Amino acid sequence: MKTHTNSFASNKKAIKNKSLTCVDLVAHYLKIIDDKNPSLNAFLEVYEEEAKAQAKIIDEKIQNGTAGKLAGMIVGLKDVLCHKDHKLGASSKMLENFESQFDGTAVERLLKEDAIIIGRQNCDEFAMGSSNENSAFGAVKNEIGTNRVPGGSSGGSAVAVQAGMCMVSLGSDTGGSVRQPAAFCGVVGLKPTYSRISRYGLIAFASSFDSIGIFANNAADTAITLEVIAGKDDNDSTVSQREVPNYSELLNKKSDKKPKIAYIKETLNSEGLNEEIKAATVAKIEKLKSEGYEVEEVDFSLLKYALPTYYILITAEASTNLSRYDGVRYGFRSPNVTDLESMYKRTRTEGFGKEVKRRIMLGTFVLSASYYDAYFTKAQKVRRKIQEAMKELFTKYDFIISPTTPTTAFEIGKYEGETVELYLADLFTVPASVAGMPAISIPNGTDKESLPIGLQIMGDYFSEDKLLAFADELMK
Amino acid sequence: MIHQLLKKMKVTVDKKLIEDISHLSRLEFSEEDKIEMADNLNEILDWVEQLNELDTSKTLPLTHISEEINVMRNDEIADVLPHDKALKNAPKKDSDYFRTPKVIE
């Protein structure tokens, strides 16, 4: 059997000329999952029988000419997305035995266009982490080397695409949770503009930052997925009402003038930046210049403030969002309960992992009456300053490029017991999250140990069409 | 006023403060973990202290990141979660209600 697993477009062509069926495709991916998942731990659950049955139904639809535009796409879902009558756990003990009562909007739209969902993917607990070591179901391993982390928090989703266990994964990106693991695993990872995709059915972490994101092997698969899942939704009043462009067609539309590109001086001079990543980024800048692109260095002195701003705001929002896990309506309840207060306290103490508790504590602290202005309000003000400065940059440039991460995939356990050091993994991804702007990570070679290096491209609000076209161009 | 004072006064999280915050968070920590949590929070607070280098006296807090304001729709009856489904994931329930330990003496 021949399967063209590298792009959805080639699969679609093969399906059309009858050399490939959805049944073949599902069998192909199930076999790879079977071979690789025991050592990589990317999938928490595989919907084997369901995917096979669905493949048959969709093959029939293809025969009848009634199939949706994602027929032939095999997708994995991060364990934070509601999928009706399937388990959902945010990789936490807290949601033990929880089953979704409904499909989240993005999931519903995938299914409506006949994508096949093959399984549920491991992640950092409640999407909090940068290494996928915080899962209640064990760490995810990077396929490049199983002593290496895949990045986080959407580590399982990145590894699933990296290892060819599915074609596309949906993850979530609050401060880099799609882009950073995409960089560590050598795949494409997109965080769209905040509000581009409905958050209905996405487990809430920090609601003013959370974005569903897409992992794929290339820009075209990312574009067609985004085109299906983005757009207005009655169930999310914050989602953008803007029309969804036809991203997959716009990918091939050449603009008459070359985009103007900036790179931020402070990113390349950043203390913790690995020399090989710096060299790869500089080489990319030089290559772009030689191809006739206008590339300029810009100052962005606020860069170093993005990460502390981010940590104050996300912990505040997380402490609020996670107050719903009280042991009453769903999920885990401690058996060691005597009264109402001990039910809350024992349930939360036994149900949440360490990093989640740390963030709830910090968030509660920055929101407490005595410290609210000094920390929470201060961070909201700095957020505006950062947003204004970034808006200003995009009046002059189309894209800002930088490394996606300061290091390549590090060894499992390297940052055990550390907090701030691990937070620094998100140094370059967080500014787009603070401003709510779209950004994509694409592969940019490897280091001496063959570990992937990522290049991040940031764009202005709702410029995903241009961002994807440029990413596509750079990957050719 | 307080804001000005706090700006200059570096906060140190001690065991007492950890106990206050953990009660507000409905979390419990062992004596050993309280010390570790205080150390962690102090490390993080030392690090975020750098925000005070920026003058934000003329900046308004950014509270909404979406450009949408009041997306209105008609209030129509829709398929809501039926009773049995809403109770489906409850750790303790009867046919109609979530069950908790006794609240009223």
Side-chain angles (χ1 to χ4, degrees), chain A residues 97-99 101-102 194-195 208-209 234 237-241 304-305 308-309 311-312 319 323 326-333 337-341 343-346 348-349 352 357-358 360-362 364-365 368 370-371 373-375 377-385 387 419-420 436 461, chain B residues 2-3 5-7 9 11 13 17-18 20-29 33 36-37 40-41 43-54 56-57 59-68 70-73 78 81-82 85-92 98-103:
Chain A
N97 300 322
F98 181 88
E99 273 184 15
Q101 297 103 325
F102 60 89
Y194 177 81
S195 82
S208 79
F209 294 82
D234 282 348
S237 62
T238 60
V239 77
S240 173
Q241 304 295 303
K304 68 169 187 161
Y305 301 107
T309 300
Y311 271 93
I312 291 174
S319 72
S323 66
D326 56 6
V328 177
R329 290 152 300 161
Y330 40 74
F332 170 75
R333 181 190 293 188
V337 164
T338 50
D339 56 10
L340 197 67
E341 189 173 299
M343 181 192 71
Y344 295 145
K345 286 188 174 174
R346 292 312 308 159
R348 292 167 61 79
T349 300
F352 288 134
K357 287 182 203 167
R358 186 156 42 219
I360 292 173
M361 288 287 284
L362 183 63
T364 307
F365 171 78
S368 62
S370 322
Y371 304 104
D373 282 343
Y375 292 100
T377 309
K378 179 76 191 184
Q380 287 183 315
K381 289 178 175 176
V382 179
R383 188 178 195 184
R384 183 180 298 279
K385 273 184 153 340
Q387 188 197 44
T419 47
V420 172
Y461 294 107
Chain B
I2 289 173
H3 181 69
L5 272 173
L6 280 169
K7 247 186 173 172
M9 183 180 70
V11 185
V13 179
L17 189 52
I18 288 291
D20 292 348
I21 308 165
S22 59
H23 173 68
L24 291 172
S25 306
R26 298 296 184 268
L27 290 169
E28 289 172 343
F29 294 97
D33 287 349
E36 196 194 335
M37 191 57 70
N40 285 167
L41 293 201
E43 190 195 348
I44 298 168
L45 293 175
D46 276 351
W47 171 67
V48 304
E49 200 66 29
Q50 51 181 308
L51 295 188
N52 289 325
E53 296 163 14
L54 292 172
T56 50
S57 54
T59 314
L60 287 172
L62 181 60
T63 55
H64 286 282
I65 202 80
S66 168
E67 63 183 0
E68 301 297 335
N70 292 341
V71 179
M72 308 300 257
R73 59 174 166 81
L81 211 54
K85 279 208 163 173
L87 284 169
K88 174 174 123 171
N89 290 302
K92 217 170 169 200
F98 298 113
R99 299 285 306 266
T100 69
K102 201 164 147 188
V103 182

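Below, chain A is the first sequence line, B the second, and so on; all start at residue 1. Quantities reported herein were computed from a predicted structural model and do not represent experimental measurements.
- Comparing A:Ser323, A:Gly331, A:Ser237, A:Gly327 by how many heavy-atom pairs each has under 4.5 Å with chain B, the most go to A:Gly331.
- Looking at A:Val337, the atoms closer than 4.5 Å to chain B (heavy atoms on both sides) all sit in the side chain, from C-beta outward.
- The OG atom of A:Ser368 sits 9.0 Å away from the CG atom of B:Asp20 when rounded to the nearest 0.5 Å.
- The shortest distance between side-chain heavy atoms of B:Leu24 and A:Phe365 does not fall below 4.5 Å.
- Closest non-hydrogen pair, B:Leu54 versus A:Lys378, comes out as O-NZ, 2.8 Å.
- Using a 3.5 Å distance cut-off with no hydrogens or angles, the side chains of A:Tyr305 and B:Glu53 do pair a donor with an acceptor.
- Contact of B:Leu27 with chain A is made through backbone and side chain together, with heavy-atom distances under 4.5 Å.
- For the residue pair A:Lys385 / B:Thr56, no side-chain donor-acceptor distance below 3.5 Å is found, with atom types taken as modelled.
- Side-chain contact between B:Pro91 and A:Phe332: absent, with no pair of heavy atoms (C-beta onward) separated by less than 4.5 Å.
- Among B:Ile44, B:Leu51, B:Leu41, B:Val48, the residue making the largest number of heavy-atom pairs under 4.5 Å with chain A is B:Leu51.
- Using a 4.5 Å heavy-atom cutoff, the side chains of B:Ile65 and A:Ser195 are not in contact.
- Between the side chain of A:Arg348 and the main chain of B:Ser25, a donor-acceptor pair closer than 3.5 Å is present.
- For B:Lys85, the parts sitting under 4.5 Å from any heavy atom of chain A are the backbone and the side chain alike.
- The closest donor-acceptor contact from the side chain of A:Arg384 to the backbone of B:Leu60 lies under 3.5 Å.
- For chain A, the option among B:Lys102, B:Glu43, B:Met72 with the highest count of heavy-atom pairs below 4.5 Å is B:Glu43.
- Qualifying side chain to side chain donor-acceptor pair (under 3.5 Å) partners for B:Asn89, counting only residues two or more places apart in sequence or in other chains: none.
- Neither the backbone nor the side chain of B:Leu87 comes within contact range of chain A, judged by heavy atoms closer than 4.5 Å.
- Neither the backbone nor the side chain of A:Ser319 comes within contact range of chain B, judged by heavy atoms closer than 4.5 Å.
- Every residue meeting the salt bridge (Lys or Arg N to Asp or Glu O under 4.0 Å) condition with B:Glu36, not counting sequence neighbours, appears here in chain and number order: A:Lys354.
- Proximity to chain B is limited to the backbone of A:Asn97, based on heavy atoms less than 4.5 angstrom apart.
- Considering only heavy-atom pairs separated by less than 4.5 Å from chain A, the leading option among B:His64, B:Met37, B:Gln50, B:Lys92 is B:Gln50.
- Between the CG atom of B:Leu81 and the CD atom of A:Gln101 there is a distance of 5.0 Å, given to the nearest 0.5 Å.
- When B:Asn40, B:Val103, B:Thr63 are compared by the number of non-hydrogen pairs under 4.5 Å with chain A, B:Asn40 comes out ahead.
- You'll find the side chain of B:His23 reaches within 4.5 Å of the side chain of A:Lys345, heavy atoms only.
- Note on B:Ile21, B:Val71, B:Asn70, B:Leu17: by heavy-atom pairs under 4.5 Å with chain A, the leading option is B:Ile21.
- For the pair B:Thr59/A:Val382, no side-chain contact is recorded, criterion being any heavy-atom separation below 4.5 Å from C-beta on.
- Side-chain contact between A:Tyr461 and B:Glu67 is absent, with no heavy-atom pair separated by less than 4.5 Å.
- Heavy atoms closer than 4.5 Å to chain B are found in both the backbone and the side chain of A:Phe98.
- In this structure, the portions of A:Met361 lying under 4.5 Å from any heavy atom of chain B include both its backbone and its side chain.
- When A:Asp326, A:Val420, A:Thr364, A:Ile312 are compared by the number of non-hydrogen pairs under 4.5 Å with chain B, A:Val420 comes out ahead.
- Both the backbone and the side chain of A:Ile360 come within contact range of chain B, each with at least one heavy atom under 4.5 Å from a heavy atom of that chain.
- The nearest pair of heavy atoms linking A:Gln241 to B:Glu68 is N-OE2, 2.8 Å.
- Of all heavy-atom pairs spanning A:Thr377 and B:Pro61, the tightest one is CG2-CG, 3.9 Å.
- Atom CZ of A:Arg329 and atom OG1 of B:Thr100 lie 12.0 Å apart (nearest 0.5 Å).
- If you take CG on A:Asp234 and CZ on B:Arg73, they are separated by 5.5 Å, rounding to the nearest 0.5 Å.
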